[in-house]
Colleague: 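Got a structure here, written out as structure tokens. Questions coming.
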Protein chains: 2
Amino acid sequence: MNPLAIPEIVIRRLPLYLRTLKLLADRGLTVTSSQEIGDRLGITATQVRKDLSYFGEFGKQGTGYEIKYLQEQLRQILQVDRTWKLALIGVGDLGRALLRFTAFEESGFEMAAVLDRDGAKIGRQVGRHTVLDVATLPAVIRERGIQVAVIAVPTRDAQEIADALVKAGIRAILSYAPIQLSLPQHIQVQQIDPILSLQGMTYYLDASQL
Amino acid sequence: MNPLAIPEIVIRRLPLYLRTLKLLADRGLTVTSSQEIGDRLGITATQVRKDLSYFGEFGKQGTGYEIKYLQEQLRQILQVDRTWKLALIGVGDLGRALLRFTAFEESGFEMAAVLDRDGAKIGRQVGRHTVLDVATLPAVIRERGIQVAVIAVPTRDAQEIADALVKAGIRAILSYAPIQLSLPQHIQVQQIDPILSLQGMTYYLDASQL
DNA sequence: TAGATTGTTAATCGATTAACAATC
DNA sequence: TAGATTGTTAATCGATTAACAATC
């Protein structure tokens with residue numbers, strides 16, 4: 001099957017399956033079912049099976065799925081069965097918090113460069129990283145083989161940094177700036193904006209219960 | 001129209017419209033069109049108009065939308081035309097980064113309490129906040145009229161904190177813990193997990209270009 | 001008036017799910 | 001064998017979009 005034919009919404013659920021499988025594995029389970037995965041994610045068992053069926057047959061009738069095997073398969077599909085190198089742009093509070101966030105390394109995302117534009121920060125040590133000058137971005141990305149960038153700069157600088165990243169050959173950007181970045185179609189962009197999340201919840205809150 | 005009948009996917013787009021309108025307003029524009037909004041978000045103009053039509057008629061034929069007016073209307077619909085009080089649980093690096101993140105206050109989300117369970121942190125001043133004991137959660141939430149909680153504690157404590165929040169009457173939770181929280185149906189939950197975002201992007205990256 | 005753009009309908013498209021044969 | 005659960009088909013459901021009358 002042509003991979004381009006797989007709906008994006010299916011791709012977005014695969015990481016959720018992986019996360020659920022990790023939880024089950026951490027609890028010592030070795031086998032699970034589409035029912036159990038679905039229950040934990042609030043979706044139907046049929047949907048879990050249908051999603052997986054785009055990529056192959058991973059289960060056994062009557063038994064379910066061997067957790068370790070399904071994890072391996074999903075990691076291969078998502079291409080997270082290898083290490084990806086990240087560059088972090090911006091070493092403010094958020095940047096520092098991200099540097100201490102161990103989940104990146106645990107999931108195969110290696111922080112391979114840390115950059116800032118502030119002269120007072122450049123050259124400083126932050127954890128095991130030396131802060132590099134953002135002006136050297138293209139060389140750093142090339143020399144260190146970086147594939148994914150994490151933007152943690154002030155909002156006003158985010159678009160400029162994003163443009164520079166694309167120019168330097170980056171094709172996937174995770175941005176913490178609360179603005180809509182305008183970038184070429186072929187660039188993968190994910191934005192993390194807690195305001196959007198909050199605004200999506202308040203709609204459903206009962207104002208009378210304030 | 002029964003508000004319950006409005007698709008959730010529509011509700012999730014309204015904050016994006018608000019964010020786009022803010023961008024346009026910041027650039028000094030006073031009027032826009034469904035075309036312009038859609039272009040900036042990568043969706044069709046028809047979808048923008050259809051989404052808005054669930055709630056009323058906000059534009060003028062031939063002219064488009066008065067930006068300020070549409071912002072007001074969307075804020076009312078999303079119930080962000082008022083101030084919501086947040087409690088932040090967890091004052092690690094991430095918590096501190098969130099405390100300096102001005103976008104919350106700018107969008108009407110007031111950080112009204114900051115709590116931690118670490119005795120070394122309780123009583124300390126962080127910015128303009130005194131760190132409170134998480135054991136006093138129910139009283140703090142009641143006394144300060146807090147409606148939404150932000151979880152920024154270590155992963156292993158997240159579920160326990162979430163349970164305590166629900167018990168204390170919180171009905172909306174924004175969690176930065178990279179796990180699936182298991183909570184009652186009626187609780188609004190949004191999770192921010194950069195690993196999910198990254199794993200969704202690597203699928204689309206061309207491995208040959210590493 | 002001519003041009004532009006809205007709001008809405010109906011058609012289309014795509015995602016979800018019910019049902020079930022296959023089989024462990 | 002009986003029970004459980006997969007993988008898949010076809011039906012259903014719901015979201016998107018093309019088209020266009022209305023009108024500024």
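All chains are named by letter (A, B, ...) in the order of the sequence lines, taking the proteins before the strands, and each is independently numbered beginning at 1.
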Colleague: Out of the candidates B/Thr30, B/Thr20, B/Leu29, only one should pair with B/Ile67 under the side-chain contact (heavy atoms from CB on, under 4.5 Å) rule; please name it.
Modeller: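 Only one of B/Thr30, B/Thr20, B/Leu29 forms a side-chain contact (heavy atoms from CB on, under 4.5 Å) with B/Ile67, namely B/Leu29.
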
Colleague: Any side-chain heavy-atom pair from B/Leu165 and B/Ile89 closer than 4.5 angstrom?
Modeller: yes

Colleague: Write down the distance between CD1 (A/Ile6) and C1' (C/dA15), rounded to a whole number of angstrom.
Modeller: 15 Å

Colleague: Heavy-atom distance under 4.5 Å between the side chains of B/Glu8 and A/Tyr204, does that happen here?
Modeller: yes

Colleague: In this structure, how many angstroms lie between the P atom of C/dT6 and the OH atom of B/Tyr54, rounded?
Modeller: 18 Å

Colleague: Roughly, in whole Å, what's the span from CD in B/Gln47 to C1' in C/dT6?
Modeller: 16 Å

Colleague: State plainly whether the residues A/Asp26 and A/Lys22 are in salt-bridge range, i.e. N to O under 4.0 Å.
Modeller: yes

Colleague: Starting from C1' on D/dT17, measure out to CG on B/Asp51 and report it in whole angstrom.
Modeller: 12 Å

Colleague: Quick test of your reading: applying side chain to side chain donor-acceptor pair (under 3.5 Å), list the pairs with at least one residue in residues 56-72 of chain B, sequence neighbours left out, ordered by first then second residue.
Modeller: none

Colleague: Tell me: CD of A/Glu66 to P of D/dT6, nearest whole Å?
Modeller: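 Spelled out: CD on A/Glu66 to P on D/dT6 is 14 Å.
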
Colleague: Which pairs with one or both residues in residues 89-101 of chain B pass side chain to side chain donor-acceptor pair (under 3.5 Å), sequence neighbours excluded?
Modeller: A/Asp93-B/Arg100, A/Arg100-B/Asp93

Colleague: Could you identify which residues of residues 9-25 of chain A place a heavy atom less than 4.0 Å from some atom of DNA chain C, listed by residue number, or say none?
Modeller: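 Close to the strand are A/Ile9, A/Arg13.
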
Colleague: Going from CD1 on A/Ile77 to OG1 on B/Thr202, what distance comes out if it is rounded to the nearest 0.5 angstrom?
Modeller: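 The CD1 atom of A/Ile77 sits 11.5 Å away from the OG1 atom of B/Thr202.
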
Colleague: Within less than 4.0 Å of OP1 or OP2 of D/dT16, is there a side-chain N or O belonging to B/Thr44?
Modeller: no

Colleague: Will you find, in the side chains of B/Asp39 and B/Gln35, an N or O donor that is under 3.5 Å from an N or O acceptor?
Modeller: yes

Colleague: All N/O contacts under 3.5 Å from nucleotides 7-11 of chain C to the protein, with atom names and distances to one decimal?
Modeller:
from: C/dG7; atom 1: OP1; to: B/Phe58; atom 2: N; distance (Å): 2.9
from: C/dG7; atom 1: OP1; to: B/Gly59; atom 2: N; distance (Å): 2.8
from: C/dG7; atom 1: OP2; to: B/Tyr65; atom 2: OH; distance (Å): 2.7
from: C/dG7; atom 1: O3'; to: B/Glu57; atom 2: OE2; distance (Å): 3.2
from: C/dG7; atom 1: N7; to: B/Arg49; atom 2: NE; distance (Å): 2.7
from: C/dG7; atom 1: O6; to: B/Arg49; atom 2: NH2; distance (Å): 2.8
from: C/dT8; atom 1: OP1; to: B/Glu57; atom 2: OE2; distance (Å): 3.3

Colleague: Any salt bridge between B/Arg19 and A/Asp193, counting N to O under 4.0 Å?
Modeller: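 Yes, charged N to carboxylate O under 4.0 Å.
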
Colleague: Do A/Arg27 and A/Glu36 sit within salt-bridge range, that is, some charged N less than 4.0 Å from a carboxylate O?
Modeller: no

Colleague: Just by distance, with hydrogens left out, do B/Ser34 and B/Arg49 show a side-chain donor and acceptor under 3.5 Å apart?
Modeller: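 Note: B/Ser34 and B/Arg49 side chains meet the donor-acceptor criterion.
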
Colleague: Which of residues 29-38 of chain A sit near DNA chain C, with a heavy atom under 4.0 Å from it?
Modeller: none

Colleague: Decide whether B/Asp163 and B/Gln159 meet the rule of one side-chain donor and one side-chain acceptor closer than 3.5 Å.
Modeller: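 Yes, because at least one side-chain N or O of B/Asp163 sits under 3.5 Å from a partner of the opposite role on B/Gln159.
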
Colleague: Applying the side-chain contact (heavy atoms from CB on, under 4.5 Å) test to B/Leu98, which of B/Val114, B/Val91, B/Val150, B/Leu174 qualifies?
Modeller: B/Val150

Colleague: Whenever both distances are under 3.5 Å in a Watson-Crick or G-U wobble pair, mark it; put DNA chain C into dot-bracket that way, with [ ] for crossing pairs and | when the partner is on another strand.
Modeller: ..||||||||||||||||||||||

